[in-house]
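Only one structure is covered here, and it is reproduced in the block below.
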Amino acid sequence: KAGVTQTPRYLIKTRGQQVTLSCSPISGHRSVSWYQQTPGQGLQFLFEYFSETQRNKGNFPGRFSGRQFSNSRSEMNVSTLELGDSALYLCASSLGDKNTIYFGEGSWLTVV
Amino acid sequence: AQTVTQSQPEMSVQEAETVTLSCTYDTSESDYYLFWYKQPPSRQMILVIRQEAYKQQNATENRFSVNFQKAAKSFSLKISDSQLGDAAMYFCAYEIKGAELTFGKGTLLTVNP
């Protein structure tokens, strides 16, 4: 069974631009969550979607947004990029609450 | 604020030996799940072991086992017969609601041949 797939794996953007990252969950998984990993802040929860509805949101500014489609695929968008947005963005999927959460390989974003 | 603390930023172990990674957490919830994830240089997070807080029995997965002390809010990971492939960053985490994980800062494990 295919794992969590994230695209693109690597990208470089300029400050002020916007970026969209994509995540395809494991087949059958309806929950998709996103995390940001940086050396300074560690792993931080961004948001979680279940059946196209955002259920939880972490403490991030409104520049960070996401959505989930009917096939459970999810995208996250960061607008007006800042240098501090440079990070590894990890997507994870699960069957739902209290089920094992599986991670993708991540998308490396560098903002210059 | 709910937190996870990993007090050992780095640990090292000789191949074939046993090592224990520490984790404490702080939550007022009674129903939650605890996890250890491994992140090798590839940066993919790999689930090592999971523990349901309502279960008293400690979880075990092959060479990996936990010591779960609910009253003390402690959740340590023991790796037996350490292998070179165990070298990675290890993260302790818990989940209280909605597939939202709260992570510790991680422990970098080095395995010496």
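Numbered from 1 within each chain, the chains take letters A, B, ... in sequence-line order. We use all heavy atoms of the structure for the numbers below, so side chains are in, but hydrogens, waters and symmetry mates are not.
By the neighbour-count criterion of 12 heavy atoms within 6.0 Å, atom NZ of B:K78 is sparsely surrounded, having that number or fewer from other residues, nucleotides or ligands. The 12-atom threshold is not exceeded at CZ of A:R15, counting heavy atoms of other residues, nucleotides or ligands nearer than 6.0 Å.
Contacts of A:Q37 with chain B are made by side-chain atoms alone, with heavy-atom separations under 4.5 Å and no backbone atom involved. Residue A:S93: no heavy atom, backbone or side chain, is found under 4.5 Å from chain B. Looking at A:F47, there are no atoms closer than 4.5 Å to chain B (heavy atoms on both sides), in backbone or side chain. Proximity to chain A is limited to the side chain of B:R50, based on heavy atoms less than 4.5 angstrom apart.
Side-chain atoms of B:Q44 come within 3.5 Å of backbone N or O of A:F103 as a donor-acceptor pair. A donor-acceptor contact shorter than 3.5 Å is absent between the side chain of A:Y102 and the backbone of B:L47.
Interatomic distance, CG of A:L43 versus NZ of B:K105, reported as 9.0 Å (0.5 Å rounding). Distance CD1/A:I101 to CD/B:E95: 4.5 Å, rounded to 0.5 Å.
By the 4.5 Å heavy-atom criterion applied to side chains, B:L101 and A:Y35 are counted as neighbours. Side-chain atoms of A:L88 and B:Q39, non-hydrogen and from C-beta on, do get closer than 4.5 Å to each other.
No path of Ile, Leu, Val, Met, Phe, Trp and Tyr side chains, each step under 4.5 Å between heavy atoms, connects A:W34 with A:I26, placing them in separate hydrophobic clusters. A:V4 and A:Y89 fall into different hydrophobic clusters, where Ile, Leu, Val, Met, Phe, Trp and Tyr are joined by side-chain heavy atoms under 4.5 Å apart, directly or via other members.
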